[in-house]
J.: 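Just passing along the structure, written as structure tokens.
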Amino acid sequence: MRINVIGFIGMQPLGNPELMADNASTVATNCLLESTEIVPLRGTTVDTTSAKVGNLVSAYRMVEGASAAWMAWPFDVDVAKMQFPSVTRYIYTGENEPRITTYALAISGGASDYPHSYRALGIPAPTTAPTVTPPAGGTPVTRFYGYTYMSDWGEESALSPITASLIGNPTGTWAITGMNTTPVFSDGRTAPIGTCTINLYRTEGSSGQWMLVNSTPISSSSYDDTVTAASLPGDTLISTTYEVPPKYLRGVKLHPSGALVGFYDNVLCFSEPFQPHAWPTAYQMQAKSKIVAIEIIGTTVAVLTDSRPQLCFGQEPGAMQMSDPGEAMPCLSKRSVVSFGDRVGFATDAGYATISENGVDILTQAIWDYHTWHRMNPANTFAVYASGRLHLVVHPSSRAQWYVFSMRSNLLTTSSYLPNALCTDVTTGNVYFLTGSNINTWNDGAATFQYAEWIGKLFHLPHPINFAAARIRFDGVLSDADIAALEAARAAAIATNAPIVASGNAKGAYNAKPFNTLRYGASLLQFVPSPATDSVGVVFNIFDDNGLKYSKTILNEEPFRLPSGFKIRRMRVGTVSQACVKSIELAESMAGLNVA
């Protein structure tokens, strides 16, 4: 009898391990299988360490020219990037009130405690009407006056309360006083407001249009209006409905129309396009249930609630329409929500689901049944999507399990890291995972190969067999860059371990560290790789019902003999290696390996 495992595929947790295809796996950790070979993942590198206190939960990478910096938070925060002609602005929700910053503001001090500086999103309208003394004489005209605040970023507030109807000489001096010189939010927002000026407006003629009269420094509460109708600058008020965003707005996203979209309670909110500070109440829409998360599909907003999801269709904020609720599919975790471009994924009762204009589907129905899914604690699930792969972290027990699902080839593998959170960056295409205060690059192309572990299906042989020979085809040759990276990793691990060993306090004893901060049986000591050579081998394993039956390190592709003296009927084969494994072959004789 001959076994030839080739064209390796991912795990099939829901399948019977005896009925799987010969190339299916029961364990596939730290490997990519899209090429049908077992390709080890690259290791991780620490991209940055944040000065934020506590375990990081959210992070966003800002880019300014050739420079980059990370904003990070120990709680759930959403960030939307808006590009303007001369500056990029970052709007974020989840930290007190909605806020806005730029690269320069965010890194202005704080020793990587970014964002260090920021502003409140929105400019509050003045709360008091101006006092106006109209002049006598001439042919009287009727006017109304009001004023706004204008930030140094060109953000204009809504209009102040307006004066009563005023009648006076159009060529005289209209004395305006009592303008409020201190912009302030009425609901206790604590983030600062940008430097502002006061824009004074008045109505002119029978049209009732609000026309700009003058811009004055914020320090001046008065102005003498001597501007005739013919001398007005010609600018009309456009910010009548420019209200500040709701204080507890969450989930901010950028819509293709240029508007921002967010939510609070069951209310979906939109900003004015390309005016991130302006959130007209007229653009608000109510979902049928409390909103948990939102995401964008084209120009459609997927509204995921604690009951039934809805879709909000339209091209721009003033023309959006909310669909009727679909079937009951509550979103159990805001952090599980990702966009696949043509659909949105989220954790729900029945599994990990997707919603699109075509309806709702359960993506994981062939992977986990209902009971297995619920043992994974889906309410604590978080996910990201990048390079055609869904990264889904679940919590089947007190520790995390990181699954990597290739959407293109339907392959499921796992990663051995235990992250607090995941994030992506569109400028690099990388996936990052957060541990403590570190932001780490997953599968970093500059890092050394990890040890990829693959264990196959359960072979139930027709009778007990003592396989006599085996062969592993693999590519273990390392490049000069890989050898250098291995040597650097070895030196770094030794340097890290030296002071820990010297202190005699490696925290390896039971209960020496808080539960779930280290792997079971681990310590503070880092794994030290073997000295680098120009190639790596493969550890070949055979398992029976009692566990590991046989293990051998293979250094080349030549056939090798298996020990005599044991027969096996139920078996699994597997490899552990930093090499790229192409096939696994077993036969009852050396000659049998060459049988087609």
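For reference, positions follow the sequence shown, starting with 1.
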J.: Does the side-chain hydrogen bond (donor to acceptor under 3.5 Å, both in side chains) test come out yes or no for S323 and Q310, once each step is laid out?
T.: CA-CA 6 Å; S323 71; Q310 294 179 256; 5.0 Å; no

J.: I need the L254 CG to S271 OG distance, nearest 0.5 Å.
T.: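 If I round to the nearest 0.5 Å, the distance is 8.5 Å.
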
J.: Taking the side chain as every heavy atom from C-beta outward, state whether I3 and D22 have any pair of such atoms under 4.5 Å apart.
T.: no

J.: Check the pair R570, D545 against salt bridge (charged side-chain N to carboxylate O under 4.0 Å, His left out), reporting the backbone distance first and the verdict last.
T.: CA-CA 7 Å; R570 289 163 54 88; D545 288 338; 2.9 Å; yes

J.: Hey, mind stepping through S112 and S50 against side-chain hydrogen bond (donor to acceptor under 3.5 Å, both in side chains) and telling me if it holds?
T.: CA-CA 5 Å; S112 78; S50 173; 5.2 Å; no

J.: Compile the donor-acceptor pairs under 3.5 Å between side chains in residues 31-38 and protein atoms, sequence neighbours left out, one pair per line.
T.:
residue, atom, partner, partner atom, Å
E34, OE2, R389, NE, 2.9
E34, OE2, S406, OG, 3.4
S35, OG, E37, N, 3.4

J.: With rounding to the nearest 0.5 angstrom, report the CE to CD1 distance, M82 to I100.
T.: 8.0 Å

J.: Atom CH2 of W70 and atom CG of L56: how far apart are they, to the nearest 0.5 Å?
T.: 10.5 Å

J.: Taking the side chain from E585 and the backbone from A470, do they hold a donor-acceptor pair closer than 3.5 Å?
T.: no

J.: What I want to find out is whether K253 reaches D78 closely enough, with some N-O distance under 4.0 Å, to be called a salt bridge.
T.: yes

J.: Any pair with a residue in residues 347-363 that passes side chain to side chain donor-acceptor pair (under 3.5 Å), sequence neighbours left out, goes on the list, sorted by first then second residue, please.
T.: T300-E357

J.: With a 3.5 Å distance limit and no angle check, can you tell me whether N430 reaches the backbone of Y432 through a side-chain donor-acceptor pair?
T.: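 It does not hold such a pair.
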
J.: Provide the full list of salt bridge (charged side-chain N to carboxylate O under 4.0 Å, His left out) pairs with a residue in residues 307-316, sequence neighbours left out, each pair given once.
T.: none

J.: Could you tell me whether a side-chain N or O of T88 sits under 3.5 Å from a main-chain N or O of Q83, the two making a donor and an acceptor?
T.: no

J.: Using the test ring-ring contact (aromatic ring centres under 6.0 Å, His included), find all partners of F340 that sit at least two apart in sequence or belong to another chain.
T.: Y385

J.: Can a side-chain donor-acceptor contact be found between T364 and W373 if the only test is distance below 3.5 angstrom?
T.: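 Result is no, nothing qualifies.
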
J.: Side chains of L41 and V404: closer than 4.5 Å at any heavy-atom pair?
T.: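 Not touching, per the 4.5 Å side-chain cut-off.
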
J.: Is the Y92 ring parallel, tilted or perpendicular to the W73 ring (thresholds 30°, 60°)?
T.: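 Answer is tilted, since the angle falls between 30° and 60°.
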
J.: What distance separates L304 CG from L311 CG, expressed to the nearest 0.5 Å?
T.: 8.5 Å

J.: Say you draw a straight line from CG of L260 to NE2 of H255; how long is it, rounded to the nearest 0.5 Å?
T.: 11.0 Å

J.: Looking at Y248, I'd like to know if its OH atom is crowded, meaning that more than 12 non-hydrogen atoms belonging to other residues, nucleotides or ligands lie closer than 6.0 Å.
T.: no

J.: Tell me, which pairs form a ring-ring contact (aromatic ring centres under 6.0 Å, His included) where one or both residues lie in residues 29-48, sequence neighbours left out?
T.: none

J.: How about L412 and P13: do any of their side-chain heavy atoms sit closer than 4.5 Å?
T.: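 Yes; the side chains approach each other to less than 4.5 Å.
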
J.: Compute the ring centroids of W454 and F8, then answer whether they are less than 6.0 Å apart.
T.: yes

J.: Can you find a side-chain donor-acceptor pair between T435 and N440 that sits under 3.5 Å?
T.: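 Distance-only check passes for T435 and N440.
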
J.: Using the side chain to side chain contact (heavy atoms under 4.5 Å, CB included) criterion, which residues pair with T26? Sequence neighbours excluded.
T.: P17, M20, I455, R572

